[in-house]
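Notes follow once the structure below has been shown.
Since this is a predicted model, take the numbers as computed values, not measurements. We name chains A, B, ... by the order of the sequence lines, and we start the count at 1 in each one.
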Protein chains: 2
Amino acid sequence: MPLPTATLAALASPRRREILRLVWQRECSAGEIHAAMPDVTFGAISLQLKSLTGAGLVECRRAKQFRYYRARRDALAPVAAALEHMWNDALWNLKLAAELEESRRGPRPQRRRRGKRKD
Amino acid sequence: MPLPTATLAALASPRRREILRLVWQRECSAGEIHAAMPDVTFGAISLQLKSLTGAGLVECRRAKQFRYYRARRDALAPVAAALEHMWNDALWNLKLAAELEESRRGPRPQRRRRGKRKD
DNA sequence: CGCGTAATTTAGATGAAACTAAAATACAAA
DNA sequence: TTTGTATTTTAGTTTCATCTAAATTACGCG
């Protein structure tokens, strides 16, 4: 499972993480979210909510004239899984490297390209 | 353990992830990395390597006239752990609040205020 | 030293992201 | 229907990231 670009890009913004924090435990209307961030306009919040929704990190429920947003926590699972897979792979490689160093006498298989690359 | 903005931003770029993948298992010189990505110039690769190094995701070793880069795989552990903890950690709010406050006081606090909003 | 290779850095162009103000849309109630 | 509230969307601006091309630094070797 590759790292999902859209999710990472959405998470890379502190502003969007702040919104995600607000709707993490319980749903909030767009107005409530904006009320918690008075330093930007309502329109800016709406655009960020659109971005977060597009990335699949939040979902929206309509009731009356309100729109209630809440985090889709399960959307973080692929990212966490991919990162952990890389991390586990790192541990595996470190152990393998130690084992190889202990008994290094055979030719190394992956070290082909050494000489000229372009002409 | 806040979500590190720099690391997420570095990971959010497919180009940088491709570089990271190349230097994940074994170190590569900057020239080798560029040879694997012929669609951009050497300078662009060097800038991305600088970005990755600044985010702590790769490290550099100098030998002769070469610079060998390799992934700092342990740098992914904090991100994976932070994402993992977001599921059930009720204290995430406090952590993110501290992170945002620091970010607002940091070297790049916020945009220049141009227009005035309604009062 | 001077030359060639490896890589970084600079300056400038381009496009995307994020914001604002204002207009547009959606819906409830009078 | 009209009015008011809630929210989105549009148009324009600013900021930021990324790229190219060229200049520059660093280093090894004759």
Separation of atom [atom1] in [X] from atom [atom2] in [N], rounded to whole Å:
{"X": "A:Gln48", "N": "C:dC19", "atom1": "CD", "atom2": "C1'", "answer": "9 Å"}
{"X": "B:Tyr68", "N": "C:dA6", "atom1": "OH", "atom2": "C1'", "answer": "10 Å"}
{"X": "B:Ile33", "N": "C:dA7", "atom1": "CD1", "atom2": "P", "answer": "9 Å"}
{"X": "A:Ile19", "N": "C:dC19", "atom1": "CD1", "atom2": "C1'", "answer": "13 Å"}
{"X": "B:Lys50", "N": "C:dA7", "atom1": "NZ", "atom2": "C1'", "answer": "12 Å"}
{"X": "B:Phe42", "N": "D:dA23", "atom1": "CZ", "atom2": "C1'", "answer": "16 Å"}
{"X": "B:Lys64", "N": "D:dA26", "atom1": "NZ", "atom2": "P", "answer": "19 Å"}
{"X": "B:Arg61", "N": "C:dA6", "atom1": "CZ", "atom2": "P", "answer": "16 Å"}

By nearest atom, which of the nucleotides [options] is closest to the [X] side chain?
{"X": "A:Ser46", "options": "C:dT9, D:dT8, C:dA18", "result": "D:dT8"}
{"X": "B:Leu47", "options": "C:dT20, C:dA28, C:dT10", "result": "C:dT10"}
{"X": "B:Arg62", "options": "D:dC19, D:dC27, C:dT20", "result": "D:dC27"}
{"X": "A:Val40", "options": "C:dC19, D:dA21, D:dT8", "result": "C:dC19"}
{"X": "B:Gln65", "options": "D:dT7, C:dA6, C:dT8", "result": "C:dA6"}
{"X": "B:Thr41", "options": "C:dA7, C:dT20, D:dA21", "result": "D:dA21"}

Regarding [X], tell me which of base, sugar-phosphate or nothing describes its non-hydrogen contacts under 4.0 Å with the strands shown.
{"X": "A:Gly43", "answer": "base"}
{"X": "A:Ser29", "answer": "sugar-phosphate"}
{"X": "B:Ala44", "answer": "base"}

Report yes if the side chains of [X] and [Y] come closer than 4.5 Å at any heavy-atom pair, otherwise no.
{"X": "B:Leu57", "Y": "B:Leu76", "value": "yes"}
{"X": "A:Arg16", "Y": "A:Ser51", "value": "yes"}
{"X": "A:Arg70", "Y": "A:Arg61", "value": "no"}

Can you tell me if B:Arg16 touches the phosphate of D:dT18, counting only side-chain N or O atoms and a distance under 4.0 Å to OP1 or OP2? yes
Is A:Arg15 close enough to C:dC19 that one of its side-chain N or O atoms is under 4.0 Å from OP1 or OP2 there? yes
Taking all heavy atoms of B:Ser29 and all of B:Tyr68, pick out the closest pair and write down the distance. N-CD2, 3.6 Å
Relative to the 5' end of DNA chain C, which residue comes earlier, A:Ser51 or A:Ala63, by the nucleotide with the nearest heavy atom? A:Ser51
Whichever of A:Ala9 and A:Arg67 has the more 5' nearest nucleotide on DNA chain C, that residue is A:Ala9
Are B:Arg21 and B:Glu18 close enough for a salt bridge, meaning some N to O gap below 4.0 Å? yes
Between A:Leu22 and A:Met37, is a side-chain contact (heavy atoms from CB on, under 4.5 Å) present by the stated rule, with each step listed? CA-CA 10 Å; A:Leu22 285 172; A:Met37 309 184 186; 3.6 Å; yes
